[in-house]
Structure formats: C-alpha cells, structure tokens
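Here is the structure we will look at, set down as structure tokens.
Counting convention: from 1, in listed order, for ligands and their atoms alike.
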Amino acid sequence: MSSQPYWIARKGSALQGTLDIPGDKSVSHRAVMFAALADGVSHIDGFLEGEDTRATANIFAQMGVRFETPTPSRRIVHGVGVDGLQAPQGELDCGNAGTGMRLLAGLLAAQPFGSTLVGDESLTKRPMRRVTGPLALMGARIDTQDDGTPPLHIHGGQPLQGIHYELPVASAQVKSAVLLAGLYAQGDTTVVEPHPTRDYTERMLRAFGVEIDFEPGKARLRGGQRLRATDISVPADFSSSAFFIVAASIIPGSEVRLRSVGLNPRRTGLLTALRMMGADITEENHAEHGGEAVADLVVRYAPLKGTEIPVDVVPDMIDEFPALFVAAAAAQGQTVVRGAAELRVKESDRLAAMATGLRTLGLRVDETEDGATIFGGPLGSGTIESHGDHRISMAFAIAGQLSTGEVRINDVANVATSFPGFDTLANGAGFGLSARS
Ligand code: S3P
C-alpha cells in the first residue's frame, strides 16, 4: 500500500453554483518571470498559488529578486532589470513544471553565470532537446542527460545570435524559450510555428514595453531591449475550468457558472469539441482582463454524442484531453482523437493513462500512436493510477461522479501544482470526492 494521498470518487449530486477558478498557470509563470526582469516594481493580481508557479517565483528569489505577498494570489515584484539577476547558490528546482524549465532554459542560457535546472520525477523524464536544440543554434551551451532529459546544466557567458527558427512541433514553451533567449541575442529572432500556439509570451512582453511583432503562428523581436514594470491581472485558468465544464456537461441536472474564465482562442478548443458533441455552454459578461478575453461560462447538463475531434483543433485543447476523454466516456457513440502524439510527453503519457484508466472502469478504448477511439458507455468501479499527473487525477474525479461504484485515484498530490483546493471546490459544487492518505 502506498502512503501517497489518494482520492475516493463516487456519485455526488448535480453540480450547482458560481465557481471562482484559480489563476491561469501559463500567465502566472510568465508574469513572475517578466516582472522579475523588468525595471521597476510590478503588481500581479490573480497569481496562481500552485506549486508550479511558486517554484518559478522561488527560482527568481534565488537569483536576487524580491517578492512581497500582501495577500494570497497577489505578488509585488521588485524587478532587477534584464541584466540584474545574480548567480544562484545551488540548483534551481522547477518542480513539476515543464513551462518553468523550458522558458527558464532560454532565459538562463543568456546570463553571464552558469545554472542548473532540476525537476521532480515526472519533469526529469520530459524531452528537453526541443529547447536545447534551437538554443544551441543561437550559441547557448546546455548539457542534458544522454537521452535529452533534465537536469539542464546551463553554461553561462555565451554570446547569443538571433535566429530564424521553424518549430518542428507546435509548442508555446519552445517558442517562448527561443524568444526569451532572443531578447539577449544580437540581431533579430524569428519563430515560425506549424500551428499557432498560445501567445501569452508575445502579448505580455509587449505589455512590459518590448517591441515585438506577432501574428498567429509567427513572432519576431530584436535583441537588446529592456522591460518596463507593469501590472498584470491573471484570468481564471481555462484548463482548470475544463474539469468543471465537462463535469457539469455530463452530470444530469447540473448548472454552474464559472466566473471570468480566460478565453484566449489558443486555449479554448475544448469548447469547440464539446459544442460539436452537443454541450450546452454559454458565454456571458464578455470583458478584457489584463489584455486577455474573459467571460463567465454557464454550463448546463446536456446529453453528449461522440464525434471526431478535428485535427486542427488539437493544439488549442492540448491540455484538455484528460477531461475530453471523460466527456467521450459519457457520450453516446464513439469519439475519435487523432494528431495528438504530444500527449505522450506531457506530465505523463496521457493517452496511455486515460485509455488504461477508462478500461479499468469497463470502457472500450482503442489506443493508437497519436490518439484513441473512446466508446461511450457506463462506468464501473476500479483503482486508477494517475502517474502523479494532476490532470489525470482530476479527470478521474469526474469519471467517479458517473460510476456505479467507487473510483480510487492514486497519487493525487500533484493536483496542487495547478489547482490547489480542487477537491474542496468540487465538493462544494456537488462532487462526491474524499481525500485520503
Ligand atoms: C504551455 C504550453 C503547452 C501546455 C502547457 C503550458 C505554456 O506546452 O501543454 O501546459 O505555458 O507555454 P507545449 O509548449 O509543450 O505544447
């Protein structure tokens, strides 16, 4: 028996209420990084108090940046300027965060000092050549393990050259790493993507006063620019909201309102997919929150039908497949996912983890190299391995709401990386979820 925390999920009631979902993880990471590099004092409002984003803030504190936390979810950041970071003592621990490690690789490659980035068991298995490759083309020196995984030993003091880089895979993390190195490089740096990805780095650099040209799928900046402190308001995280969007869609009688959710179009592919399946999701109170579109999402139960997820929507819902698989399980008929091989290199192999877990609960799931076909049907009981992946844990917490029995979900501690308080919020809305260890 493991002593790891686990959950028991079983049928609760129809979901009701108005929910405030914690701040966006991608935006919070970037807000801390750019505020640390800016000249002057920045305020961040709505900061995600998750382990991943706190790890990023700790890393900057280790490099001499001062943070104040006047109240939870707020940070006052005393920026040190692009040339003001100090050599850290010891390793820099990114925890579970691929975003933290990959963006920092670009930034630290350009510093005059050396540094070492480490992470937890999951992050230590993740591919880093996708960032070290283009950074090496710019003149950076970064050592990985022989198989391209962390730790990353970054040799500082290398002059960097701007590049024109065509990304082989659509990745906002790789794009951002190259752009951050490009800030310190000689000349222009251009990144071209095979499919547009989330553009928070581009938008936020502009908010910090950097001149950057960007359009969907392409970004270009000139090296040698400084950042000017600004205030950032972080919207509610769409990916965390996704678990409640799916849960309310599939639990009969549910109706929830999720307040001020970030609706950056590069994040909301799940809405397209669920609407194709027949979901009842309306958007109200459209507004702009720190330069990002937000709206309240009102989600009501609706019977779903299986569908084929269009391949070009996949990058816009890349973090939402664990939740989508549960919607597919509850839908009538088959749901087909293709073109999603990236899911194999996330916090876990999400195609395998979801397929295995749903099969444990009695469903038929045919897995392929880059996707799966999920055959909707009744869910039974069983024990699920989350592989320490926050989103796998939360997805099966939803599955448990439709189970005829109990679903045990192992190793749920990492839910705190992205969604601290998920179980409390979920139970308040109607879930049957108990935390044990
Ligand atoms: C992120 C980019 C995506 C996403 C991750 C956050 C970001 O990763 O899956 O959760 O903040 O840039 P990739 O760049 O690997 O697609």
Residues R344, E367: salt bridge by 4.0 Å N-O rule: yes
Protein contact of atom 10 (O) of ligand 1 - nearest heavy atom, named by residue and atom, plus distance: D319 OD2, 2.9 Å
Salt-bridge contact R198-D319 (side-chain N to carboxylate O under 4.0 Å): yes
Option with minimal heavy-atom separation from atom 11 (O) of ligand 1, where the choices are S418, S26, S176: S26
Protein heavy-atom partner closest to atom 12 (O) of ligand 1 - residue, atom, separation in Å: R30 NH2, 2.6 Å
F422 ring center near F244 ring center (under 6.0 Å): yes
Interatomic spacing from SG in C94 to NE2 in H29 - rounded to 0.5 Å: 9.0 Å
Numbered atoms of ligand 1 (with element) below 4.0 Å of A172, judged on heavy atoms: 12 (O), 14 (O)
Basic-acidic side-chain contact under 4.0 Å: D389, R350: yes
Passing candidate, salt bridge (Lys or Arg N to Asp or Glu O under 4.0 Å) with E211, options R206, R228, R222: R222
Within-cut-off N or O pair, E342 and ligand 1, under 3.5 Å: no
Atoms of ligand 1, numbered as shown, that sit under 4.0 Å from any heavy atom of K346: 3 (C), 4 (C), 8 (O), 9 (O), 13 (P), 15 (O), 16 (O)
Exam field: side chain T53 to backbone L48, donor-acceptor pair closer than 3.5 Å: yes
Those atoms of ligand 1 less than 4.0 Å from some heavy atom in R102: 15 (O)
Backbone or side-chain N or O of I318 under 3.5 Å from ligand 1 N or O: no
For S171, the ligand 1 atoms whose distance to one of its heavy atoms is below 4.0 Å: 13 (P), 14 (O), 15 (O), 16 (O)
R198 contact mode with ligand 1 (heavy-atom cut-off under 4.0 Å): side chain
Nearest protein heavy atom with distance in Å, relative to atom 6 (C) of ligand 1: T99 OG1, 3.3 Å
Check: D296 side chain, R257 main-chain N or O, donor-acceptor pair, under 3.5 Å: no
